[in-house]
Amino acid sequence: MPRTIRITRSHKLATAVLVAAGSVTAIAATGGQSEAQPTAAKSSIAAEKIAEGVPTAKEIAAKKAATETAAKKAAANEAAADRKAATEKAVAERKAAAKKTAEKERSEKQAANRSTERKAVAAPKQYKNNLDGWIRESLDIMKKKNIPGSYEGLHRNIMRESSGNPNAVNDWDINAQNGIPSKGLLQVIQPTFDTYHVKGTPKKLTDPVANITAAANYAADRYGSIDNVDSAY
């Protein structure tokens with residue numbers, strides 16, 4: 001197997017010197033010794049310059065390594081930049097998704113609140129225009145006004161006093177003799193009605209709900225509750 005010979009800068013310089021020396025010999029043979037010396041010097045300088053301009057294998061390898069290192073660094077920087085951009089994009093997408101979800105939830109909550117508000121301002125509760133409806137409406141008003149009383153207590157006293165007739169009038173007792181007859185479902189006289197009238201109900205003695213609530217208000221003040229009344233009161 002042939003042996004590989006590595007050419008170094010020293011080899012190149014020696015070769016250049018030999019070439020220059022050959023040139024000097026040729027000049028000496030043709031032109032004399034006086035002209036050969038300057039020419040040989042110039043040739044030597046030229047040879048050195050030629051040798052200096054030719055890179056060695058070591059220099060070539062170093063340059064190649066530097067180029068590869070720079071390329072790897074550039075690739076690494078590019079990859080890092082790509083990863084950073086991808087991370088920032090992912091973070092931005094998560095924030096956008098979270099914002100969208102929050103806006104959706106807020107919108108749904110507002111819609112639910114509006115729905116609740118609409119229900120709250122819906123038409124008032126309707127009651128039947130009969131004894132059962134009058135008692136139930138009176139109880140709702142009494143509850144808001146903190147007036148005690150139950151369905152049973154109201155119904156029991158109404159049936160005893162008027163048999164459920166809102167226009168019933170007592171024209172024979174002492175109140176009637178004094179010109180202020182008892183009227184309505186719970187047989188209330190006008191002065192008592194005026195004193196115990198419940199705000200929000202009609203100011204009419206024979207109005208069923210106004211009559212019941214005023215009587216219950218009076219009974220609560222006098223007896224603790226309409227439930228405690230079992231006879232004329």
Side-chain angles (χ1 to χ4, degrees), residues 94-233:
R94 284 196 297 271
K95 287 183 177 180
K99 183 179 179 181
K100 186 176 181 180
T101 299
E103 290 176 348
K104 182 180 179 181
E105 291 177 350
R106 184 165 54 252
S107 178
E108 291 175 348
K109 185 176 181 180
Q110 290 174 347
N113 289 338
R114 286 194 296 271
S115 177
T116 301
E117 290 172 358
R118 284 194 294 271
K119 290 180 180 179
V121 298
K125 185 177 179 180
Q126 298 297 314
Y127 301 93
K128 293 180 179 180
N129 188 29
N130 57 25
L131 181 58
D132 178 73
W134 300 331
I135 293 176
R136 293 186 185 281
E137 184 176 358
S138 297
L139 285 170
D140 286 345
I141 295 172
M142 290 164 58
K143 183 178 181 180
K144 292 178 182 178
K145 302 294 183 177
N146 295 316
I147 300 172
S150 66
Y151 188 100
E152 185 278 329
L154 291 174
H155 187 271
R156 171 168 41 84
N157 282 283
I158 287 171
M159 295 309 293
R160 186 190 66 252
E161 293 293 332
S162 66
S163 298
N165 179 9
N167 296 311
V169 177
N170 184 328
D171 57 4
W172 55 268
D173 66 2
I174 186 64
N175 291 319
Q177 294 174 20
N178 292 330
I180 48 172
S182 302
K183 297 180 180 180
L185 292 172
L186 283 168
Q187 293 294 284
V188 182
I189 60 175
Q190 191 67 49
T192 301
F193 178 81
D194 294 339
T195 300
Y196 291 95
H197 171 259
V198 176
K199 187 177 181 180
T201 63
K203 288 188 175 182
K204 182 179 179 182
L205 179 56
T206 55
D207 178 86
V209 174
N211 188 277
I212 292 174
T213 54
N217 196 20
Y218 164 74
D221 183 45
R222 184 84 179 268
Y223 305 102
S225 170
I226 190 70
D227 294 351
N228 297 328
V229 177
D230 292 308
S231 61
Y233 62 108

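From a predicted model like this one, the values you see are computed outputs, not experimental measurements.
The aromatic rings of Tyr218 and Tyr233 sit tilted, their planes meeting at an angle between 30° and 60°.
Taking NZ of Lys199 as the reference point, atom CD1 of Ile141 lies at 13.5 Å (rounded to 0.5 Å). Interatomic distance, Gln190 CD to Asn175 CG, rounded to the nearest 0.5 Å: 12.0 Å. Interatomic distance, Asn165 CG to Lys183 NZ, rounded to the nearest 0.5 Å: 13.0 Å. Atom CG in Leu139 sits 5.0 Å away from atom CG in Leu154 (nearest 0.5 Å). In this structure, the separation between NZ on Lys128 and CD on Glu137 is 14.0 Å, given to the nearest 0.5 Å. Atom OG1 of residue Thr192 and atom CZ of residue Arg222 lie 9.0 Å apart, to the nearest 0.5 angstrom.
Ion pairing between Arg156 and Asp230 holds under the 4.0 Å rule for side-chain N and carboxylate O.
Pairing each heavy atom of Val209 with each of Trp134, the nearest pair is CG2-O, 4.0 Å. Here the shortest heavy-atom pairing between Ala214 and Phe193 reads CB-CD1, 3.7 Å. When all heavy atoms of Ser182 and Ile189 are compared, the pair lying nearest together is OG-CG2, 3.5 Å. Nearest heavy atom pair, residue Asp140 against residue Lys125, reads OD2-NZ, 3.4 Å. The nearest pair of heavy atoms linking Pro166 to Leu185 is N-CD2, 3.5 Å. Residues Val229 and Ala219 come closest through the heavy atom pair CG2-CB, 4.2 Å.
For the residue pair Trp172/Asn170, the side-chain donor-acceptor check at 3.5 Å is satisfied.
With hydrogens and angles disregarded, no donor-acceptor distance shorter than 3.5 Å links the side chain of Ser225 to the backbone of Asn228. No side-chain donor-acceptor contact under 3.5 Å links Asn178 to the backbone of Ile180.
The stretch residues 201-212 participates, sequence neighbours left out, in these side-chain hydrogen bond (donor to acceptor under 3.5 Å, both in side chains) pairs: His197-Thr201.
Just one of Thr213, Asn217, Asp221 meets the side chain to side chain donor-acceptor pair (under 3.5 Å) condition when paired with Tyr196; it is Asp221.
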Considering only distance and modelled atom types, tabulate donor-acceptor pairs under 3.5 Å from the side chains of residues 95-104, sequence neighbours left out.
from: Thr101; atom 1: OG1; to: Ala97; atom 2: O; distance (Å): 2.9

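Legend: residues meeting salt bridge (charged side-chain N to carboxylate O under 4.0 Å, His left out) with Asp194, ordered by chain and number and at least two apart, are absent.
Using a 4.5 Å heavy-atom threshold, the side chains of His155 and Leu131 count as touching.
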